[in-house]
Structures are given as structure tokens and as C-alpha cells.
Novice: 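Here you go, one structure.
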Amino acid sequence: MSRRLLVRRSLMQHPLVLPDLLTWDDRYQDLPWQPFRPGVDIHYLYRAESGASAALLRYQPGAQVPQHRHTGHEHIIVLSGSQSDERDRYSAGTVVINPPDTEHDVMSVDGCIVLIIWEKPVELCP
């Protein structure tokens with residue numbers, strides 16, 4: 001099955017399979033990335049009306065996401081590079097779970113790709 005077919009399939013009808021995601025390389029470079037924040041692109045895997053969603057985020061070196069609050073659990077798997085927040089720096093292979101009502105800002109000094117799963121939407125902090 002071609003990668004293009006995998007990307008276009010609706011999760012309501014078929015499972016989405018992304019092989020070898022933990023050995024990230026340029027194989028997913030042609031995904032339909034969209035701007036998310038300055039220096040950060042997003043490719044949604046799914047978005048539900050309830051707020052649950054999953055996506056790949058691609059950070060350029062030095063890019064950051066401003067302070068935000070989690071209204072539900074957030075799961076992050078760092079696939080390549082590293083990502084940092086005020087608590088630590090997380091390298092490829094790291095899983096970070098942020099519980100509801102926590103806040104942080106995120107950046108990547110050297111760039112990274114992460115798989116992110118939100119239980120509920122996040123809120124940007126003022």
C-alpha cells in the first residue's frame with residue numbers, strides 16, 4: 001500500500017499505519033504539512049469534534065510554541081532531534097505525558113519531529 005493512500009484514508013473507515021516511526025527519516029517529508037506556529041509545521045493524523053486529536057509536529061531549529069495550558073492529557077513522543085521545556089530536554093525516543101491543568105512552553109534548539117496526542121484542546125496562556 002502506498003504512503004499516499006495511507007495519508008488520505010479517513011480514520012473513521014480504516015486504521016492509519018505509519019511504519020517505522022521510531023526510526024524517523026525523510027520518508028514522511030512529502031506529507032501535507034501546514035503552518036502551526038512560526039517555525040513549527042503540523043500534519044494532523046486526526047481531529048475529533050470532542051477535541052481529541054493527534055498530529056506530527058515538525059520544529060525548525062530554534063522554533064518554539066508559547067506557554068499553553070492542557071485541558072486534558074497530552075502525550076508526546078520525540079521521534080527525532082530533541083524538544084525542551086522548563087523542566088528538561090527530551091531526546092528522540094522520549095515519551096512525555098503532561099496531565100490536565102499543567103502549563104509549559106516548548107522549544108527545539110536543533111529542530112525535531114514529535115508525535116503529539118491531545119485528549120482535549122490546549123489553551124494559549126495570556
Side-chain angles (χ1 to χ4, degrees):
M1 181 178 299
S2 82
R3 181 175 27 180
R4 292 191 186 278
L5 290 176
L6 287 173
V7 172
R8 292 182 183 164
R9 284 197 168 165
S10 165
L11 288 178
M12 303 304 281
Q13 298 171 357
H14 303 281
L16 176 66
V17 178
L18 301 171
D20 300 321
L21 210 51
L22 293 178
T23 54
W24 184 271
D25 57 24
D26 291 336
R27 79 185 78 205
Y28 297 108
Q29 200 64 6
D30 63 345
L31 290 173
W33 296 96
Q34 302 169 12
F36 182 64
R37 300 275 182 259
V40 182
D41 297 323
I42 191 166
H43 172 70
Y44 283 101
L45 302 174
Y46 66 85
R47 291 175 84 177
E49 288 183 28
S50 67
S53 52
L56 296 170
L57 292 179
R58 178 175 61 184
Y59 287 71
Q60 298 302 315
Q64 62 183 38
V65 172
Q67 188 82 14
H68 56 279
R69 186 178 79 79
H70 300 283
T71 61
H73 285 90
E74 173 190 65
H75 298 81
I76 300 169
I77 302 170
V78 181
L79 302 174
S80 71
S82 66
Q83 185 182 73
S84 302
D85 62 15
E86 48 276 352
R87 293 180 303 262
D88 208 347
R89 182 175 180 176
Y90 312 106
S91 58
T94 302
V95 175
V96 179
I97 301 173
N98 291 302
D101 298 319
T102 58
E103 295 182 8
H104 67 150
D105 59 343
V106 181
M107 71 164 308
S108 181
V109 172
D110 300 317
C112 68
I113 305 281
V114 300
L115 169 65
I116 188 161
I117 303 165
W118 295 286
E119 178 185 25
K120 294 181 179 179
V122 297
E123 300 171 344
L124 289 179
C125 296

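Residue numbers count from 1 along this sequence.
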Novice: To the nearest 0.5 Å, tell me how far I42 CD1 sits from Q34 CD.
Specialist: 7.5 Å
Novice: Let me confirm one number: the NE2-CG distance from H43 to D30, rounded to the nearest 0.5 Å.
Specialist: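 Reported to 0.5 Å precision, the distance equals 10.0 Å.
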Novice: Using the salt bridge (charged side-chain N to carboxylate O under 4.0 Å, His left out) rule, collect all pairs that involve residues 32-48, keeping only residues at least two apart or in two chains.
Specialist: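 Pairs touching residues 32-48 that pass the test: D41-R58.
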Novice: Which atom pair, heavy atoms only, marks the closest approach of P66 to L124?
Specialist: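 Scanning both residues completely, I find the closest heavy atoms to be CG-CD2, 3.9 Å.
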Novice: In Å and rounded to the nearest 0.5 Å, what is the CD to OG distance from Q64 to S108?
Specialist: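 The OG atom of S108 is 11.0 Å from CD of Q64, to the nearest 0.5 Å.
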Novice: When rounded to the nearest 0.5 angstrom, what is the spacing between CD1 in I76 and CG in D85?
Specialist: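 Output value for this atom pair is 7.5 Å.
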Novice: Indicate yes or no: at least one non-hydrogen side-chain atom of P99 is less than 4.5 angstrom from one of H70.
Specialist: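 No, too far: nothing below the 4.5 Å cut-off.
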Novice: Write down the atom of S80, the atom of A92, and the distance for their closest heavy-atom approach.
Specialist: CA-CB, 4.0 Å
Novice: Contact between N98 and H68 at the side-chain level, heavy atoms closer than 4.5 Å - yes or no?
Specialist: no
Novice: What pairs of donor and acceptor atoms, side-chain ones from residues 113-121 against any protein atom, are under 3.5 angstrom apart with sequence neighbours left out?
Specialist:
| residue | atom | partner | partner atom | Å |
| --- | --- | --- | --- | --- |
| W118 | NE1 | E74 | OE2 | 3.2 |
| E119 | OE1 | H73 | N | 2.7 |
| E119 | OE1 | H73 | ND1 | 3.1 |

Novice: Tell me, with the steps shown, if Y59 and F36 meet side chain to side chain contact (heavy atoms under 4.5 Å, CB included).
Specialist: CA-CA 10 Å; Y59 287 71; F36 182 64; over 6 Å; no
Novice: Supply the members, apart from V109, of the Ile/Leu/Val/Met/Phe/Trp/Tyr cluster built from side-chain contacts under 4.5 Å; use none for a lone residue.
Specialist: M107
Novice: How far does OG of S84 sit from OH of Y90, to the nearest 0.5 angstrom?
Specialist: 8.0 Å
Novice: Return each pair, listed once, that meets salt bridge (charged side-chain N to carboxylate O under 4.0 Å, His left out) where at least one residue sits in residues 108-118; pairs must be two or more places apart or across chains.
Specialist: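 The answer is R89-D110.
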Novice: Which heavy-atom pair separates G39 from A63 by the least distance, and what is that distance?
Specialist: O-CB, 3.3 Å
Novice: Does anything in residues 95-108 form a salt bridge (charged side-chain N to carboxylate O under 4.0 Å, His left out)? List the pairs, not counting sequence neighbours.
Specialist: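 Listed once each, the pairs are R69-D101.
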Novice: Compare every heavy atom of W33 with every heavy atom of L56, then report the nearest pair and how far apart it is.
Specialist: O-CZ3, 3.4 Å
